[in-house]
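In what follows, a single structure is set out as structure tokens and then discussed.
Below, chain A is the first sequence line, B the second, and so on; all start at residue 1.
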Amino acid sequence: MTDQTPFYVTTPIYYVNDRPHIGHCYTTLVADVAARFERLRRGSGRDVFFLTGTDEHAEKVVETAQKRGLSPMEWATQNAGEFRKAFDFMGFSFDDFVRTTEDRHKARASDYIERLMKSGDIELGDYEGWWDASQEEYLTETVAKDANFVSPVSGKPLERRKEQNYFFRLDKYEAQLFDAIARGERGEPGGVRILPEARRNEVLGRIRGGLQRVPVSRRIREGDADWGIRMPGDPAHRVYVWIEALCNYLTVVDNERAPSTAAAEGGSRRRFWPASVHLMAKDILWFHAVIWPAMLMALGEEPPRTVYAHAYWVREGRKMSKSLGNFIEIETIEAYAKRYSLDAVRWYLLTQGPLGATDADFSHAKFVEVYNADLANGIGNCASRVGNMIEKYFGGKVPEPRDYQQGFYQRLLPDGSFDTSTVLGQALAARQVAGTPVPTGQSVKAFNFPDVVKHHVAEALAALDALDLVRAVQMGIQLVRFVDDFISHTAPFTLAKQINEDESKKSALQTILWACAETVRIASVMVSPVMPSKARHIWDAWNCFPPEGAEFRHLCEFGGEYKLNPGQAISKGEALFMRADPAEAAPVAG
RNA sequence: GCCGAGGUAGCUCAGCUGGUUUAGAGCGCUGGAUUCAUAACCCGGAGGUCGGCGGUUCGAGUCCGCCCCUCGGCACCA
């Protein structure tokens, strides 16, 4: 993927009757980190589009609204607001938030359906199933059987009932879908890449089992509220919500034929299609990996390039469910953010979350472990010790480095002493003088900063392309570990005690600390997509705020265009992450 | 039931097409070193029959068979 390709990432649009919880936040966080990373890589947000929103046309929305004495629209608006609030709190940088009740969505979704009817991909047919009169709904064959063909609610017998419905001819696209998924696997254009791999196999297996046409509408009944989208040309039928909902990914960027809207939306968004990534939890993979791509094929649109279905969060080892009432809701997340900072929560959710095929556990003990290991003892401590030494030894001014392009090589002279013409040799010699030499038997090391940084940055970008966001951001923490290792090897604090005797020792110290600070700066850029505000803290304290439009790979070049400039002021600043006590109780909402 | 994934150090997991070693990493735990730093960082250790049994092979976590266990998809839920 070149840096110029438009990047379009979506989350599902969330069922507006729900309350925002960790699941919604997690999926959207993954999208947010991907979007922020891609913007950074391109140096601007112009070619990145990140969409989220709410799915509002469910019949349950009408019911709930009634119970609350509100119109469906009032209720939906209120709860869509809750999602926006939660997502704003999480710091999500979505470019648009779509509600399926908006005209732009309804009009275009309706248009797609109409086109599919004209092309014969949606046709009228008979639907026959088990009708539960008390609930006014059809039950699937398996559910009906499990319930012994009586209503699970009222206990009255189910009736066999037939009606006319519209169907999408999914069965016509079996071969094309196979082909697209195979191409996606090979990374070819026009293909749909399904991730993680285990999910792709599930999908392929299910397609092999045969595809059938799927119902996409139901007949409107007497007394039904006017909620949802009607079948074009047949107002007696309403489009099923899920099929209409899927269309949101396209309706939002398909604004070209509505010039007034497009103007208000900053121009045509057509270039963002096909979507780069549809993100979702595993439960709705089938819709996104099969039905939606088939619909797009029928519409003559390209299918999404990647469909990524992550697994679920469980809580302290137990599945989250409505019956257990143990969902981690936004309030709990807020409580964690209040205690440990929002960026720490983002870090934990992203790096420990169920991005793969298996579920992930949210446990307080694990949270504290990760918080301390990666953040407090990791990047926080490292930034602090480096900033402190620069403040202490160089009056808070970035020191002038010498010769870092050569890397930091250790060289032993024939007589067994260190070659003090290298920075590393100088440092090791100082340790010997001080009586704290590197333990014998410890491997001889070289610290080639330019190469190491280059390698980590390349790895991060490769991981980003594979949508391995965890690895992408962890490369930043790995760099910090490299700096920590370097500091204990060179012991700049030991060197610092000898600089009065020897000017060359001072210059070695300058080089060492500059390299440390420069690398921490780069690490901060690398983790900024997950921890935007903590990164900003470092940039503020160190005066190295990336200029608008700066590209990732330039920002991350060791000693490059955006390097820490000698002479510039640096302050130690406040600790980024205070160490947490594992014995402390978990934060509670309220 | 059908289809699929997996069982490797206390925990979370790497180990692709079988022979680089006496099977690795991170976290936790423990001993040491050190003081610039947020009792942080660095070094070392901890010795896990690589789920069980049998087989193929000169040689198997790595291939085959059987068995035990766990977990996913097939059905709404991020």
Side-chain angles (χ1 to χ4, degrees), chain A residues 11-15 17-18 20-30 58 60 137 139-143 146 196-206 208-209 242 279-286 309-313 319-322 327-328 351-354 356-361 363 365-366 368-370 372-393 431 434 436-439 441-443 474 477-478 480-481 483-497 509 512-513 516 572 574-580 582:
Chain A
T11 73
I13 45 176
Y14 302 109
Y15 178 39
N17 248 12
D18 277 348
H21 58 61
I22 190 172
H24 308 114
C25 290
Y26 176 70
T27 309
T28 314
L29 172 66
V30 173
K60 283 252 162 52
E137 64 181 14
L139 301 181
T140 62
E141 197 64 35
T142 46
V143 172
D146 286 348
E197 217 174 301
R199 299 294 166 207
R200 181 181 64 225
N201 294 335
E202 281 173 17
V203 169
L204 286 172
R206 224 178 129 183
R208 261 180 229 114
W242 59 263
L279 276 167
M280 74 223 63
K282 58 191 179 183
D283 53 286
I284 49 176
L285 174 61
W286 184 250
H310 66 251
Y312 293 145
W313 279 99
K319 192 171 172 169
M320 285 188 280
S321 71
K322 279 165 194 156
F327 268 92
I328 295 176
T351 62
Q352 304 302 314
T358 49
D359 296 348
D361 191 17
S363 86
K366 182 83 176 169
V368 174
E369 248 177 60
V370 170
N372 280 336
D374 291 343
L375 307 182
N377 301 346
I379 193 167
N381 181 243
C382 190
S384 166
R385 68 199 301 210
V386 170
N388 185 260
M389 283 191 275
I390 290 178
E391 206 167 271
K392 204 157 161 179
Y393 307 141
R431 286 188 63 171
T436 56
V438 176
Q442 205 169 306
S443 58
Q474 281 188 152
I477 297 296
Q478 272 194 36
V480 162
R481 302 222 177 267
V483 172
D484 275 333
D485 186 18
F486 178 67
I487 292 175
S488 40
H489 206 71
T490 54
F493 36 86
T494 299
L495 196 53
K497 289 172 186 151
L509 177 63
I512 287 168
L513 288 182
C516 290
K572 184 186 171 190
E574 274 177 44
L576 281 176
F577 301 97
M578 283 311 289
R579 211 181 136 68

### Query
Going by a 90° cut-off around 0, is B:G61 syn or anti?
syn

### Task
Spell out, as yes or no, whether a donor-acceptor pair under 3.5 Å connects the side chain of A:Thr28 to the backbone of A:Cys25.
no

### Query
From the list B:C27, B:A78, B:C36, which nucleotide is the closest neighbour of the side chain of A:Arg481?
B:C27

### Task
On RNA chain B, check which nucleotide each of A:Phe577 and A:Thr436 is closest to and give me the residue with the more 5' one.
A:Thr436

### Same-atom distance (P) from B:G19 to B:G32, integer angstrom
41 Å

### Inter-residue atom distance A:Leu204.CG - A:Arg200.CZ, 0.5 Å rounding
7.0 Å

### Task
List the steps and the verdict of side-chain contact (heavy atoms from CB on, under 4.5 Å) for A:Trp313 and A:Ile328.
CA-CA 9 Å; A:Trp313 279 99; A:Ile328 295 176; over 6 Å; no

### Query
Pick the nucleotide of RNA chain B nearest each of A:Glu202 and A:Lys366; which residue has the one closer to the 5' end?
A:Lys366

### Query
Going through the checks in order, is the side-chain contact (heavy atoms from CB on, under 4.5 Å) test met by A:Asp283 and A:Tyr312?
CA-CA 9 Å; A:Asp283 53 286; A:Tyr312 293 145; 3.1 Å; yes

#### Entry: Separation of atom CZ in A:Arg206 from atom C1' in B:G72, rounded to whole Å
14 Å

#### Entry: Side chain proximity check, A:Tyr14 to A:Pro20, heavy atoms < 4.5 angstrom
no

### Task
Please determine if a side-chain N or O atom of A:Lys60 lies less than 4.0 Å away from the OP1 or OP2 oxygen of B:C76.
no

### Task
Look at the side chain of A:Asp359 and the backbone N and O of A:Ala311, then say whether any donor-acceptor pair between them is shorter than 3.5 Å.
no

### Message
Heavy atoms only, 4.0 Å cut-off, all strands: where does A:Asp361 land among base, sugar-phosphate and nothing?
### Response
nothing

### Task
Using the P atom on both, measure B:U30 against B:G47 and round to a whole Å.
15 Å

### Query
Does A:Lys572 have a side-chain nitrogen or oxygen under 4.0 Å from the phosphate oxygens OP1 or OP2 of B:U38?
yes

#### Entry: Pairwise P distance for B:G61 and B:C50, with rounding to whole Å
7 Å

### Message
So A:Tyr312, base contact, sugar-phosphate only, or nothing? Heavy-atom distance under 4.0 Å.
### Response
base

### Message
Please report the distance separating the P of B:A23 from the corresponding atom of B:A46, rounded so that it comes out in whole Å.
### Response
12 Å

### Query
Rounding to a whole Å, what distance do you find between A:Leu285:CG and B:C76:P?
12 Å

#### Entry: Whole-angstrom distance between B:C66 and B:A75, as gauged at atom P
28 Å

### Task
Whole angstrom is fine here: how far is it from CG in A:Asn201 over to P in B:G72?
17 Å

### B:G54 versus B:G59 - spacing of their P atoms, nearest Å
16 Å

### Query
When you compare B:G51 with B:A60, how far apart are their C1' atoms, in angstrom units rounded to a whole number?
16 Å

#### Entry: Proximal nucleotide (of B:C36, B:G73, B:U38) relative to the A:Lys282 side chain
B:G73

## Note on the structure
Read 5' to 3' with Watson-Crick or G-U pairs under 3.5 Å, [ ] for crossing pairs and | for partners on another strand, RNA chain B gives (((((((..((((.....[....)))).((((.........)))).....(((((..]....))))))))))))....

### Message
What is the separation between atom NE2 on A:His489 and atom C1' on B:U35, rounded to the nearest whole Å?
### Response
18 Å

### Task
Pick base, sugar-phosphate or nothing for A:Ser384, based on heavy-atom distances below 4.0 Å to the nucleic acid.
base

### Task
Mind checking A:Gly205 for me? I need base, sugar-phosphate or nothing, with any heavy atom below 4.0 Å counting as a touch.
nothing

### Query
Passes side-chain contact (heavy atoms from CB on, under 4.5 Å), A:Gln352 versus A:Val370? Steps please.
CA-CA 9 Å; A:Gln352 304 302 314; A:Val370 170; 3.6 Å; yes

#### Entry: Gap between atoms CD1 and P, on A:Ile379 and B:U38 respectively (whole Å)
17 Å

### Message
In whole Å, measure the gap between the P atoms of B:C29 and B:C41 for me.
### Response
11 Å

### Query
Within the structure shown, what part of the strands sits under 4.0 Å from A:Trp313 by heavy-atom distance: base, sugar-phosphate, or nothing?
base

### Task
Mind calculating the distance between CD (A:Gln474) and P (B:A25) to the nearest angstrom?
17 Å

### Query
A:Ala376 side chain: which of B:U38, B:G72, B:A78 is closest?
B:U38

### Message
Among B:C36, B:A78, B:C42, which nucleotide has an atom closest to any side-chain atom of A:Asp283?
### Response
B:A78

### Message
Mind checking if A:Arg199 touches a base, just sugar-phosphate, or nothing, with heavy atoms under 4.0 Å?
### Response
sugar-phosphate

### Task
Please confirm whether the backbone N or O of A:Asn377 pairs with a side-chain atom of A:Arg579, one donor and one acceptor, at under 3.5 Å?
no

### Query
Where the side chain of A:Asp485 is concerned, which of B:A37, B:C77, B:C42 is the nearest nucleotide?
B:C42

### Message
I need the A:Met389 CE to A:Ser384 OG distance, nearest 0.5 Å.
### Response
9.5 Å

### Summary
Whole-Å distance, A:Leu204 CG to B:G72 C1', equals 16 Å

### Message
Base, sugar-phosphate or nothing for A:Ile284? Non-hydrogen atoms, less than 4.0 Å.
### Response
sugar-phosphate

#### Entry: Integer-rounded Å distance: B:A25 P and A:Gln478 CD
14 Å

### Query
Is the closest side-chain heavy-atom distance between A:Ile477 and A:Ile379 below 4.5 Å?
yes

### Query
Which of parallel (below 30°), tilted (30 to 60°) and perpendicular (above 60°) describes A:Phe327 and A:His21?
tilted

### Query
Within the structure shown, what part of the strands sits under 4.0 Å from A:Ala575 by heavy-atom distance: base, sugar-phosphate, or nothing?
base

### Message
With a 4.0 Å limit, can you tell me whether A:Asn388 has a side-chain N or O closer than that to the phosphate oxygens OP1/OP2 of B:A37?
### Response
yes

## Note on the structure
Of the listed B:C41, B:A78, B:C27, the closest approach to the A:His21 side chain comes from B:A78

### Message
I want to check one thing: is the phosphate of B:C41, taken as OP1 and OP2, less than 4.0 Å away from some side-chain N or O of A:Asn377?
### Response
yes

### Query
Considering only B:A37, B:U34, B:A78, which nucleotide approaches the side chain of A:Phe493 most closely?
B:U34

### Query
Between A:Arg579 and B:A40, is there a side-chain N or O to OP1/OP2 distance below 4.0 Å?
yes

### Query
Taking the side chain of A:Ile487 as its heavy atoms from C-beta onward, which of B:C42, B:C36, B:A78 lies nearest to it?
B:C36

